[in-house]
Each structure stands twice: as structure tokens, then as C-alpha cells.
Amino acid sequence: MPPLIYHASYSQLALPSQHRFPTSKYQRLYQFLLEHKLADKDDFHTPSSVDIEFLKQIHCPDYVAQFLTKKLSPQAIRRLGFPLSDGLLTRSLHSVSGTMLACDLAMSQGIALQLSGGYHHAHYHFGSGYCVFNDLIAGAVHSLARSDIEKVLIFDCDVHQGDGTATMAQAYPDIISCSVHCQENFPARKQRSDHDIELERGSGDALYLETITQTLALVIRLHQPDLIIYDAGVDVHQQDDLGHLALSTQGIFERDLLVLSMAKALNIPIACVIGGGYSKQPLELSKRHAQVFIAANKLW
């Protein structure tokens with residue numbers, strides 16, 4: 001198995017009983033991969049906490065400080081969607097670092113997969129939609145410090161537009177943002193990525209896979225990235241609680257295999273994050289998120 005990144009804090013988040021965010025899914029996915037022999041414990045790498053000074057370079061220093069000291073305004077907390085807690089703080093700092101580590105490992109191994117990440121609604125000066133800090137931008141900025149990387153493509157296939165990624169990437173000409181998402185979905189106010197592909201509500205496997213094939217080929221040809229950060233969100237599934245597209249589980253597998261195959265064929269390192277996925281059926285959600293790991297196993 002390619003290198004995997006996981007930290008126990010990913011699922012150590014106490015939420016109200018009726019909260020919609022499936023915080024246990026990270027730990028459940030970790031166990032699913034082990035139980036189905038899609039990974040061994042030796043495949044996993046544990047991230048440290050992200051450096052706070054680095055975080056203040058990519059996010060507003062005041063926002064970072066207010067979050068770390070639990071002094072966000074009630075309005076900011078509502079927009080974030082999570083109550084403030086020590087668990088949220090620890091989880092957020094390790095999730096960002098985990099995606100940065102995935103980028104490093106992808107450069108040395110060709111691919112790495114992070115069992116968290118995809119927090120693309122986090123903006124420069126505020127969190128939103130269950131996203132505290134933007135790990136995709138963090139991973140890209142971190143990677144651009146390397147001498148062998150001149151351009152990073154963030155290829156976002158979560159059902160929701162990566163609005164925070166879109167706005168934050170505008171400050172970095174060498175970060176290319178591409179979002180393939182459902183037009184009629186959160187966020188209500190869309191931002192401008194370098195490339196936005198909007199699909200109609202109810203779009204299924206055939207149209208979606210054709211769109212992914214054409215879009216990824218185009219953006220690679222236009223920008224010639226040295227690294228791809230792939231948000232493999234599964235909230236595109238037909239039974240997802242917060243998505244409005246109609247992909248089957250097989251369709252998600254074919255999407256993931258397509259993206260990984262194209263990166264490998266072109267010898268472009270790819271760092272994967274699991275992105276969004278919402279269901280009250282934990283096993284079904286684990287199966288959906290596992291598809292990118294199954295695809296990676298077939299290719300590496």
C-alpha cells in the first residue's frame with residue numbers, strides 16, 4: 001500500500017448528539033482499511049502538530065490566535081459549524097500537518113493518502129462549513145518551498161465548491177485551483193476558482209466521469225503541475241446526506257481510479273485527502289471513502 005497518514009485526534013471531537021458531522025468516520029475508515037487488508041499498520045505515518053507560525057503565514061494571524069485561545073465571536077463559531085473545544089484545536093492542527101506530510105510523501109513515493117483533509121471552505125480570515133484551516137492551501141504553499149516544485153494543482157472533486165480554496169489561492173499564482181462540484185449546493189455564494197466546473201443536480205456516473213476526464217486532462221495540459229493535491233470527496237454519492245449528485249459507489253471508484261491513473265501515467269506525484277462524506281450509516285460511508293484506497297492499491 002502507498003503511504004497513509006492518520007492521527008487519532010481526527011475522530012476525537014465531542015459534538016452534540018444531533019450534529020450532522022460524522023466525526024467518527026476517520027477512525028472507522030482506519031479500522032475498515034485494516035480489517036479488509038487494504039492497509040497494514042506499518043503503512044501509516046503519524047503527523048505532528050502544524051507549526052503555528054506557518055499557519056499564521058497562510059491564514060490571518062488574528063483569526064489563528066482567536067481560534068487557538070477560543071476567543072472567536074459567536075458569529076464566527078456559527079459560521080464554522082463546530083463548538084470550540086480542545087479536541088477541535090488538536091484535530092485541526094494535526095489535520096493540516098497531515099496533508100502537508102501527504103504532499104512530502106507523495107513527492108518521494110509518487111502517491112500518499114491522508115485519512116482526513118479537504119477543508120476547502122476555510123477562508124483566509126474565517127472558518128466555514130466544518131472547516132477551520134485550509135489544509136489544501138497549506139499543503140500547496142508548503143510544497144512550493146521545495147526546489148523541485150514550481151506549480152501545484154488542487155483538484156477538488158468534493159460535491160461542494162471549494163470556495164475558501166478559490167479565494168486563498170488567488171494570493172498564490174503558482175497554486176491552480178480547480179473545483180468540480182454541484183452548482184445547486186452549499187455554499188450559496190460561489191467564489192471564483194481558476195477553473196470551476198458546475199454540474200446540475202442529479203448528475204450521475206456517465207456525465208460525471210466524462211467531465212472529470214476532460215477537466216483533469218485540460219488543466220494538466222494548461223498548467224503542467226509538479227504536484228496534484230486531490231480532494232476525493234464522496235459526498236457526490238447518490239445517498240449522501242448533504243450532496244445532490246447521483247454517483248454510485250462504483251462511479252466513485254472509477255473517478256478515483258481515473259484521477260490516480262492519469263497522474264501516474266504522466267508521472268505527476270499526487271497527494272490525496274478524503275474530503276466530504278455524510279451518512280448516518282457508518283459502514284456505507286467507510287466503503288465510499290475506501291474507494292480511493294482501493295484504486296491506489298491497484299496502481300501502486
Side-chain angles (χ1 to χ4, degrees), residues 6-33 63 66-96 98 114-123 126-135 156-164 181-190 201-202 231-247 249 252 273-291:
Y6 176 73
H7 194 275
S9 68
Y10 292 171
S11 280
Q12 291 174 353
L13 178 60
L15 294 174
S17 60
Q18 300 303 313
H19 201 284
R20 302 180 78 176
F21 190 81
T23 187
S24 68
K25 74 174 185 176
Y26 307 99
Q27 183 179 16
R28 292 180 184 275
L29 176 60
Y30 172 78
Q31 294 295 336
F32 185 93
L33 296 177
Y63 167 61
Q66 288 168 10
F67 175 76
L68 295 179
T69 57
K70 301 179 190 173
K71 294 181 179 178
L72 290 178
S73 68
Q75 179 184 12
I77 295 172
R78 284 195 301 272
R79 193 171 204 171
L80 179 59
F82 286 140
L84 298 184
S85 66
D86 289 340
L88 179 61
L89 190 156
T90 301
R91 173 185 184 273
S92 301
L93 299 181
H94 285 85
S95 291
V96 172
Q114 143 86 318
L115 276 71
S116 180
Y119 299 113
H120 59 175
H121 299 310
H123 290 251
F126 63 90
S128 175
Y130 309 146
C131 302
V132 179
F133 299 123
N134 197 307
D135 63 298
D156 189 342
C157 293
D158 191 281
V159 78
H160 308 104
Q161 192 211 30
D163 56 329
H181 55 268
C182 180
Q183 190 277 332
E184 190 180 334
N185 212 329
F186 180 88
R189 181 181 298 175
K190 304 294 191 288
R201 188 182 184 120
D231 185 341
V234 301
D235 40 12
V236 294
H237 194 272
Q238 57 198 356
Q239 295 177 342
D240 189 84
D241 291 346
L242 298 183
H244 298 311
L245 295 183
L247 266 71
T249 301
I252 289 174
V273 301
I274 68 167
Y278 305 88
S279 175
K280 296 180 179 65
Q281 299 178 323
L283 180 58
E284 289 303 312
L285 188 54
S286 292
K287 289 178 180 177
R288 297 169 201 171
H289 278 303
Q291 298 308 306

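Counting from 1, the numbers follow the sequence of the chain as shown.
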Only distances under 3.5 Å count here; give the side-chain donor-acceptor pairs of residues 277-290 to other protein atoms, sequence neighbours excluded, each with its distance to 0.1 Å.
residue: Ser279; atom: OG; partner: Gln281; partner atom: N; Å: 3.0
residue: Ser286; atom: OG; partner: Pro282; partner atom: O; Å: 3.2
residue: His289; atom: NE2; partner: Lys25; partner atom: NZ; Å: 3.1

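- Qualifying salt bridge (Lys or Arg N to Asp or Glu O under 4.0 Å) partners for Lys71, counting only residues two or more places apart in sequence or in other chains: none.
- A donor-acceptor pair is defined here as one N or O able to donate and one able to accept, closer than 3.5 Å; no such pair exists between the side chain of Tyr10 and the backbone of Gly117.
- Side-chain atoms of Asp235 come within 3.5 Å of backbone N or O of Val159 as a donor-acceptor pair.
- Here the closest non-hydrogen pair linking Pro187 and His121 is CD-CE1, 4.2 Å.
- Gly162 and His120 make their closest contact through CA-ND1, 3.3 Å (heavy atoms, listed as atom of the first residue, atom of the second, distance).
- Applying the salt bridge (Lys or Arg N to Asp or Glu O under 4.0 Å) test to Arg201 and every residue at least two apart in sequence or in another chain returns Glu184.
- Of the possible donor and acceptor atoms, none in the side chain of Ser128 sits under 3.5 Å from a partner among the backbone N and O of Leu80.
- Contact record, Asp231 with Val273: CA-CG2, 3.6 Å, taken as the closest heavy-atom pair.
- When all heavy atoms of Pro83 and Pro16 are compared, the pair lying nearest together is CG-CD, 4.4 Å.
- In summary, the aromatic rings of Phe133 and Phe67 are positioned with their centroids under 6.0 Å apart.
- Here the closest non-hydrogen pair linking Ser92 and Val132 is OG-CG2, 3.4 Å.
- Of all the heavy atoms in Leu89 and Leu68, the pair that sits closest is CD1-O, 3.5 Å.
- Side chain of Gln114 to main chain of Ser95: a donor-acceptor pair is present (N/O by atom type, distance under 3.5 Å, no hydrogens or angles).
- In Gln27, the CD atom is not crowded: 12 or fewer heavy atoms of neighbouring residues, nucleotides or ligands sit closer than 6.0 Å.
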